[in-house]
There are 2 protein chains.
Amino acid sequence: MLDQRIKFRHLTCFLEVARQRSVVKAADTLSITQPAVSKTIRELEEHLDARLFDRSKRGVTLTDFGKVFLRYAGASVTALRQGVDSISQVRMQGGLSINLGVLPTVAASVMPNAIRRFKSLSPDTTVKVVAGPNVMLMGQLRVGELDLVVGRLAEPDQMSGLSFIHLYSEHISLVARPGHPLLTDENPDITRIREFTVLVPPKHAIIHPTVDKMLIAHGIGALPDRIETVSTSFGRAFTRETDAIWIISNGAVASDIAEGHLVELPIDTSDTFGPVGLTTRIDSPISPPVEMLINAVREEAALHHATHSGLNT
Amino acid sequence: MLDQRIKFRHLTCFLEVARQRSVVKAADTLSITQPAVSKTIRELEEHLDARLFDRSKRGVTLTDFGKVFLRYAGASVTALRQGVDSISQVRMQGGLSINLGVLPTVAASVMPNAIRRFKSLSPDTTVKVVAGPNVMLMGQLRVGELDLVVGRLAEPDQMSGLSFIHLYSEHISLVARPGHPLLTDENPDITRIREFTVLVPPKHAIIHPTVDKMLIAHGIGALPDRIETVSTSFGRAFTRETDAIWIISNGAVASDIAEGHLVELPIDTSDTFGPVGLTTRIDSPISPPVEMLINAVREEAALHHATHSGLNT
DNA sequence: ATTTTGCATAACTATATAATTATGCATTGT
DNA sequence: ACAATGCATAATTATATAGTTATGCAAAAT
């Protein structure tokens with residue numbers, strides 16, 4: 001049971017005294033008299049039924065209780081401050097907004113449903129969806145321009161200061177149009193893809209090194225006829241209309257495969273398995289609306305994974 | 001500036017009304033009269049200078065402002081509740097404690113200093129350090145027996161419900177005693193390691209699949225003479241005393257290499273690069289003491305990486 | 001040996017608080 | 001049309017609040 005007599009006044013006073021390690025100094029910055037501070041602290045201690053400070057003649061120091069309570073008290077007033085701030089934000093821009101970076105893997109698979117799910121819970125929050133090269137998105141995330149990036153786990157050197165939440169794993173697929181010449185074989189010779197135009201992810205894409213490794217592992221060197229593309233819509237259209245082969249993360253084409261618009265080449269890509277998830281900043285705490293979006297994405301991903309897992313195993 | 005007139009009474013009242021969508025019902029569960037609730041809400045609205053509810057004749061509904069404020073208000077009182085709770089916890093068990101899982105990679109490199117750093121900031125928090133097979137540690141983490149696991153990123157299928165914070169990346173090393181026969185060559189034939197006893201990580205180790213891939217990539221099949229071991233102290237002693245070769249994550253033997261007790265075989269292990277970091281539960285929020293420990297580890301890792309990065313590039 | 005520093009306590013006071021009861025008023029439902 | 005519902009407002013009151021000034025007291029500093 002929370003003691004209703006505890007007020008924010010007590011917490012702010014406590015925090016200030018703890019910070020300054022001095023009743024007098026705290027009183028000064030709070031613009032009240034020293035006895036007022038003494039009394040407020042004593043009240044808080046009585047409400048909590050625990051000593052928060054050890055008093056000495058050259059200042060005060062936190063007790064064990066105080067040290068522990070300090071963090072939570074800080075969190076509590078911070079939350080309220082944020083709440084007050086966010087209200088004025090809403091007033092200004094007419095609604096909260098979340099800035100979301102989306103990588104190709106999930107842009108067409110989980111995210112549409114995830115965002116719909118989120119909007120049904122929180123219809124007044126504007127969600128801004130940004131796509132682009134992952135390096136750019138990660139940069140924006142680190143700077144605070146984005147609140148969240150969804151997609152494959154980026155290269156380690158890009159992940160400093162960021163936190164990753166795993167959703168599911170997927171592999172990379174080689175897809176072609178139905179009726180493609182290579183599909184006639186049961187076990188096609190993978191090196192024959194050199195005979196066709198191959199769409200590959202560009203150098204800055206997360207999956208680029210993985211694709212390279214895979215090609216090398218399968219004994220394929222540099223591809224003679226290659227197109228580098230970021231655009232899944234281009235890749236999709238081009239692959240369906242020509243004999244090109246498209247190397248792309250499975251999630252980006254899962255629905256096309258399911259619907260028969262594209263066909264996966266029967267080639268072992270098990271070592272291209274990689275984690276897909278949510279990337280956030282580690283320092284700034286996750287705001288409640290973003291947390292809701294995260295939950296929506298996780299739920300949707302679980303659902304998605306359950307229905308599509310057959311493709312991945 | 002936070003309006004000091006806002007009290008927890010206002011927040012709890014607001015939360016209750018929001019939950020019940022009714023002033024009368026909220027008044028009932030709060031055991032006060034309906035006008036008292038009306039007035040409290042009005043006060044809060046005045047302090048925030050924003051309408052939180054739309055009043056109608058069949059209950060009240062949250063405004064946009066209210067919806068936004070709701071989350072933060074909840075977070076604020078939750079934090080205070082936790083604070084009050086944690087005090088009684090401290091009283092009972094005589095000090096907060098953190099349960100920490102440590103994988104071999106960091107057990108001997110970053111963690112000792114990181115924990116020392118943390119203890120200097122927060123000497124009254126007991127840190128319990130647990131080692132063991134990563135599968136077990138991850139299981140304990142998921143159940144809540146551990147608060148944090150530090151080490152290599154686990155396999156994706158173990159990461160559901162967990163969040164990963166990247167610290168740095170490291171590769172896997174092949175080490176042997178100084179003066180080992182293979183070290184005489186400038187560019188030794190890696191397949192010759194078959195001639196020696198090889199210490200490899202056991203099947204459940206995180207790096208096991210990576211090691212396997214590497215061996216295959218270098219054209220080495222199954223090793224004829226192998227010892228599987230979890231124990232770094234055994235591995236260390238055995239490798240120093242015999243001609244055995246030890247395949248182990250670099251972090252576990254970095255100091256031994258630096259001090260010349262062990263020597264790294266000049267073999268390309270660049271594709272064994274993998275992320276090392278902190279794994280936490282995603283659902284339960286990170287408690288302030290754990291957050292402090294996380295920061296300590298991050299700072300120490302940054303330092304560690306800065307001084308040791310020459311080894312990794 | 002003083003003086004200063006730092007906190008605690010006491011006595012006091014205007015104001016705010018947190019309820020209460022009583023009443024009003026506009027919908028909703030019958 | 002009338003009762004019931006649900007919230008708002010007003011008047012009232014005991015109590016808590018949030019400070020203030022004045023004073024005391026022990027440890028540090030000079």
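Quick caveat, the model's predicted, so the values are computed rather than measured. Here is the naming used below: chain letters follow the sequence lines, and residue numbers restart at 1 for every chain.
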- prompt: Taking atom types as they are modelled, is there a donor-acceptor pair under 3.5 Å from the base of dA18(D) to the side chain of K39(A)?
  reply: yes
task: Send over the distance from I32(A) CD1 to dA8(C) P, rounded to a whole Å.
output: 13 Å
task: Establish, from distance only, whether the side-chain atoms of Q34(A) and S38(A) form a donor-acceptor pair under 3.5 Å.
output: yes
field: Note: R9(A)-E43(A) ion pair, threshold 4.0 Å (strictly below)
entry: yes
- prompt: Going through the distances and angles, do F118(A) and M292(A) end up as a side chain to side chain contact (heavy atoms under 4.5 Å, CB included)?
  reply: CA-CA 7 Å; F118(A) 171 71; M292(A) 288 184 66; 3.7 Å; yes
- prompt: Where the side chain of P35(A) is defined as all heavy atoms beyond and including C-beta, which of dT20(D), dA10(D), dA18(D) is the nearest nucleotide?
  reply: dT20(D)
- request: Find the distance L44(B):CG to dA16(C):P and express it as a whole number of Å.
  value: 18 Å
Spacing between E43(B) atom CD and dA8(D) atom P, to the nearest angstrom: 13 Å
query: Expressed in angstrom and rounded to an integer, what is the separation of H10(B) atom NE2 from dT17(C) atom P?
result: 7 Å
query: Which is it for V130(A) and L100(A) under the side chain to side chain contact (heavy atoms under 4.5 Å, CB included) test, yes or no, and what are the steps along the way?
result: CA-CA 6 Å; V130(A) 181; L100(A) 180 65; over 6 Å; no
- prompt: Can you check whether S38(A) has a side-chain N or O nearer than 4.0 Å to OP1 or OP2 of dC7(C)?
  reply: no
field: Phosphate-side-chain proximity, R42(B) and dT9(D), N/O vs OP1/OP2 below 4.0 Å
entry: yes
Salt bridge present between E45(A) and R42(A) (N-O < 4.0 angstrom): no
task: When you get a sec, tell me which of dT9(C), dT20(D), dT17(C) is the closest nucleotide to the side chain of K7(B)?
output: dT17(C)
query: Does any donor atom in the side chain of E16(B) or T29(B) lie under 3.5 Å from an acceptor atom in the other side chain?
result: yes
message: Please report the distance, rounded to the nearest Å, between CZ in F53(A) and C1' in dA8(C).
response: 15 Å
statement: Looking only at dT21(D), dA8(D), dA18(D), the nucleotide nearest the T33(A) side chain is dT21(D)
- prompt: Hey, is the main chain of L146(B) close enough, under 3.5 Å, to the side chain of R281(B) for a donor-acceptor pair?
  reply: yes
- request: Return the nearest nucleotide to the side chain of V23(B); candidates are dA8(D), dC7(C), dT20(D).
  value: dA8(D)
query: Whole-Å distance between dA28(D) P and R55(A) CZ?
result: 17 Å
- prompt: Considering the terminal five base pairs at each end of the helix from dA1(C)-dT30(D) to dT30(C)-dA1(D), what angle separates the two local helix axes, rounded to 10°?
  reply: 30°
message: Is there a side-chain contact between P289(A) and Y72(B) in this structure, where contact means two heavy atoms from C-beta onward sitting under 4.5 Å apart?
response: yes
- request: Using a heavy-atom cut-off of under 4.0 Å over every strand shown, decide if V60(B) touches base, sugar-phosphate, or nothing.
  value: sugar-phosphate
task: Please state how far atom CZ in F14(B) lies from atom C1' in dA18(C), giving the value in whole angstrom units.
output: 20 Å
field: Nearest-Å distance for atom pair CD/C1', residues Q34(A) and dG24(D)
entry: 12 Å
- request: Would you indicate what T40(A) reaches in the nucleic acid, counting non-hydrogen atoms under 4.0 angstrom: base, sugar-phosphate, or nothing?
  value: nothing
R9(A) side-chain proximity, nearest of dT20(C), dA18(D), dA8(D): dA18(D)
